[in-house]
Amino acid sequence: MALIRWEPARELQSIQQEMNRLFGTFFDSPAGGNGGRLRRWIPAMDLVEESDHYVLRADLPGLNEDDVKVELEDNVLTISGERRSEHEDKEEGYYRIERASGSFSRSLTLPEGVDPDSVHANFDKGVLEVSIPKPDERKPRRVAIGVSGKSPVIEGSSQESSKQGSQQS
């Protein structure tokens with residue numbers, strides 16, 4: 001009889017892989033009405049920062065611009081749409097369907113200060129490109145501090161020039 005060494009780490013890894021497989025198929029592939037499986041479709045997106053704007057590119061193969069909706073509300077950019085299934089139901093034969101279909105929605109929170117009227121979208125060859133200008137950087141505002149009832153003097157103000165005029169005479 002051979003002695004087999006027990007390695008608990010390998011057992012835990014095996015259990016974790018099996019649980020990931022089980023839950024991955026359960027949540028990612030809900031059963032369809034025809035007994036088959038539907039795959040949930042989430043389009044791939046890239047977000048690139050350029051010198052004066054951000055560029056969002058989304059791969060939307062098989063769609064045209066009428067199938068896609070781009071909305072901006074409260075600094076949240078939402079891209080949504082639907083890709084319809086193109087397969088036919090036949091009584092005989094087997095099909096292997098790997099291309100996912102269905103509705104999708106992706107949302108991104110934009111930085112504060114983005115002008116919604118300056119966001120532009122372009123759709124070409126199945127790629128949606130959204131250009132988002134960067135907001136102007138906020139400059140700190142200097143606040144003058146007054147001392148014991150005297151009004152504060154701010155450089156370049158009319159009070160400062162009148163004081164200098166009375167001191168010279």
Side-chain angles (χ1 to χ4, degrees), residues 6-144 154:
W6 180 58
E7 295 180 25
R10 187 180 333 155
E11 292 291 324
L12 287 174
Q13 184 180 16
S14 174
I15 291 171
Q16 182 179 10
Q17 288 173 347
E18 188 62 25
M19 293 299 287
N20 287 342
R21 185 191 64 78
L22 176 68
F23 282 111
T25 58
F26 181 73
F27 289 116
D28 292 341
S29 303
N34 59 1
R37 291 205 173 272
L38 297 175
R39 293 180 58 206
R40 188 172 158 205
W41 180 52
I42 301 173
M45 292 176 31
D46 295 334
L47 182 61
V48 179
E49 180 178 6
E50 296 186 358
S51 61
D52 60 343
H53 64 283
Y54 300 102
V55 178
L56 174 90
R57 290 183 187 94
D59 288 340
L60 303 170
L63 298 180
N64 59 40
E65 61 273 4
D66 297 331
D67 297 329
V68 181
K69 194 165 47 167
V70 179
E71 297 174 317
L72 181 60
E73 184 178 344
D74 296 330
N75 283 344
V76 176
L77 178 72
T78 302
I79 298 172
S80 59
E82 183 174 2
R83 182 163 68 181
R84 290 167 187 78
S85 177
E86 298 174 2
H87 72 279
E88 299 176 16
D89 291 332
K90 291 194 176 181
E91 293 180 21
E92 294 183 26
Y94 292 93
Y95 285 99
R96 178 175 178 93
I97 300 171
E98 292 184 350
R99 293 181 14 188
S101 60
S103 60
F104 67 92
S105 179
R106 301 279 311 261
S107 296
L108 297 166
T109 302
L110 301 179
E112 288 290 327
V114 170
D115 180 18
D117 295 328
S118 60
V119 174
H120 298 285
N122 186 33
F123 194 90
D124 186 33
K125 298 179 185 175
V127 177
L128 174 69
E129 185 172 293
V130 181
S131 177
I132 307 155
K134 289 183 178 178
D136 294 332
E137 290 186 28
R138 295 182 181 171
K139 295 180 181 176
R141 182 173 165 238
R142 186 171 179 187
V143 177
I154 301 174

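What you see is a predicted model, and the numbers here were worked out from it, not measured in a lab.
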Distance from [X] atom [atom1] to [Y] atom [atom2], nearest 0.5 Å?
{"X": "Leu108", "Y": "Met45", "atom1": "CG", "atom2": "CE", "value": "4.0 Å"}
{"X": "Ser105", "Y": "Glu82", "atom1": "OG", "atom2": "CD", "value": "12.5 Å"}
{"X": "Leu63", "Y": "Leu128", "atom1": "CG", "atom2": "CG", "value": "10.0 Å"}
{"X": "Leu56", "Y": "Arg106", "atom1": "CG", "atom2": "CZ", "value": "8.5 Å"}

Inset, instruction - In sequence, state the C-alpha distance, the side-chain angles, and the governing distance for Val130 and Val119, and then conclude on side-chain contact (heavy atoms from CB on, under 4.5 Å). - result: CA-CA 7 Å; Val130 181; Val119 174; 3.7 Å; yes
Taking only distance into account, with no hydrogens and no angle test, what donor-acceptor pairs under 3.5 Å do side-chain atoms of residues 70-79 form with protein atoms, sequence neighbours excluded?
residue : atom : partner : partner atom : Å
Asn75   : ND2  : Glu112  : OE1          : 3.4
Asn75   : ND2  : Glu112  : OE2          : 3.4
Thr78   : OG1  : Ser107  : OG           : 3.1

Inset, instruction - Ignoring hydrogens and angles, tell me if any N or O in the side chain of Arg83 forms a donor-acceptor pair with the backbone of Gly62 under 3.5 Å. - result: no
Inset, instruction - Report yes or no: does Lys134 contribute a side-chain atom to a donor-acceptor pair with the main-chain N or O of Pro111 at less than 3.5 Å? - result: no
Legend entry - Derivation of the side-chain contact (heavy atoms from CB on, under 4.5 Å) call for Tyr54 and Leu110: CA-CA 10 Å; Tyr54 300 102; Leu110 301 179; over 6 Å; no
Legend entry - Pair listing, side-chain hydrogen bond (donor to acceptor under 3.5 Å, both in side chains) test, anchored in residues 120-132, at least two apart: Arg57-Glu129
Inset, instruction - Taking ring-ring contact (aromatic ring centres under 6.0 Å, His included) as the test, write out the residues that go with Phe123, two or more places apart. - result: none
Legend entry - Side chain proximity check, Pro43 to Leu60, heavy atoms < 4.5 angstrom: yes
